[in-house]
There are 2 protein chains.
Amino acid sequence: MKTQLKKGTLDMCVLAVLAQADSYAYELVSKLSQGMDISEGTIYPLMRRLQNESWVSTYLVESSSGPSRKYYKLTEAGRRELATMRQEWQEFVAEVENVLRSDAAAQTEGAQQ
Amino acid sequence: MKTQLKKGTLDMCVLAVLAQADSYAYELVSKLSQGMDISEGTIYPLMRRLQNESWVSTYLVESSSGPSRKYYKLTEAGRRELATMRQEWQEFVAEVENVLRSDAAAQTEGAQQ
DNA sequence: ACAAGATACCTTGCATCGCAAGGTATCTTT
DNA sequence: AAAGATACCTTGCGATGCAAGGTATCTTGT
């Protein structure tokens, strides 16, 4: 998957996943790797950023199948930020689609509906 | 507009605009700045990259209202690349929306359908 | 003629972010 | 005791967008 496209969306994706249920970094990687393809080298600095912005809080939970897990929980500010990001994302996509649509006439040759 | 979100999409946008009609960098900035908000410091290195990839070719045209314009024209390879980028973009957006959709239940409070 | 402003080109340096590669510690299984 | 999975983390690199600054051309006002 194209690396550059992900820039700025992964934090939103992580917040969206956390909006469902608390999780820990290692699990977030496996959850998001089905489709989004995110790696550990990405997630840990990212989680640190989310924490620095106070969008998530953390707590430790001992595991019976390995070392303790650092769980992340969405804060109220994080929930609000997620809503903002969603909006910005939708506006951004709309804008790109708009630019792409202007090309519609020159595109009738491909395998498109 | 969020800088990070644009990463990897501006080249596609430029190619899409050029698929309609040849243009020059300065004009591309003003065309895309309505909505996408792209700056000169971005466009010139970007055009150089597109040219290095042989996705565009150039030709000079004298202007009656200023210095000569360096026009960019989409090549066949550029047209194919644009099609590929479109596909990757659509797949990427679908994937992000998919992650965001999983959050739907936790989102019934906002102004959403 | 000359100053000012628009048009049009370009480069440099910075900040951000995703990622591969590498490292550590814990727990289970063999 | 060794091996593998789980789970944490950091370092350094590459790619990209942008502000800031620079140059040259052409038109317009005075």
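Order of the sequence lines fixes the chain letters, A, B, ..., with proteins taken first and strands second; residue numbering starts at 1 for each chain.
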Candidates C:dC9, C:dC17, D:dT16 - which lies nearest the side chain of B:R49: D:dT16
Report yes or no: is there a donor-acceptor pair, N or O only, under 3.5 Å between the side chain of A:E40 and the base of C:dC19? no
Counting the atoms with a prime plus P, OP1 and OP2 as sugar-phosphate, which does B:D37 contact under 4.0 Å by heavy atoms, base, sugar-phosphate, or nothing? sugar-phosphate
Within the 4.0 Å heavy-atom criterion, would you say A:S65 contacts the bases, only the backbone, or no part of the nucleic acid? sugar-phosphate
Integer-rounded Å distance: C:dC17 C1' and A:E53 CD: 14 Å
Rounded to whole Å, the OH-C1' distance (A:Y26 to C:dC27) equals 13 Å
Start at the 5' end of DNA chain D and walk down; is the nucleotide closest to A:R69 or to A:P45 reached first? A:R69
Taking for B:E62 and for B:D11 the nucleotide of DNA chain D with the nearest heavy atom, the one nearer the 5' end belongs to B:D11
Could you tell me whether the side chain of A:K6 and the main chain of A:I38 form a donor-acceptor pair under 3.5 Å? no
How close or far is atom C1' of C:dA15 from atom CD of B:Q4, stated in whole angstroms? 8 Å
Would you mind reading off the distance between A:I43 atom CD1 and D:dT6 atom P, rounded to a whole angstrom? 17 Å
Under 4.0 angstrom, heavy atoms only, what part of the nucleic acid is A:E27 near: base, sugar-phosphate, or nothing? nothing
B:R69 side-chain N/O to B:Y26 backbone N/O, donor-acceptor pair under 3.5 Å: no
In whole angstrom, what separates A:R48's CZ from C:dC17's P? 15 Å
Of A:R80, A:E81, A:R79, which meets side chain to side chain contact (heavy atoms under 4.5 Å, CB included) against A:L74? A:R79
Once you round it to whole Å, what is the distance between P of D:dA15 and CG of B:L50? 15 Å
Would you say a side-chain N or O of B:K6 is under 4.0 Å from OP1 or OP2 of D:dC18? yes
Which nucleotide, C:dT7, D:dC8, D:dG17, lies nearest any side-chain atom of B:P67? C:dT7
Is any side-chain nitrogen or oxygen of A:Y44 closer than 4.0 Å to OP1 or OP2 of D:dT10? no
Residue whose nearest DNA chain C nucleotide is more 5′ - A:L10 or B:Y24: B:Y24
Using OP1 and OP2 only, check whether a side-chain N or O of A:K70 sits under 4.0 Å from D:dC9. yes
Assign the ring pair A:W89 / B:F92 to parallel, tilted or perpendicular, where the plane angle (0 to 90°) is split at 30° and 60°. perpendicular
Taken to the nearest 0.5 Å, the spacing of A:S57 OG from A:L50 CG works out to 11.5 Å
Checking contacts here: which listed nucleotide (D:dC9, D:dG17, C:dG18) is nearest the side-chain heavy atoms of B:L46? D:dG17
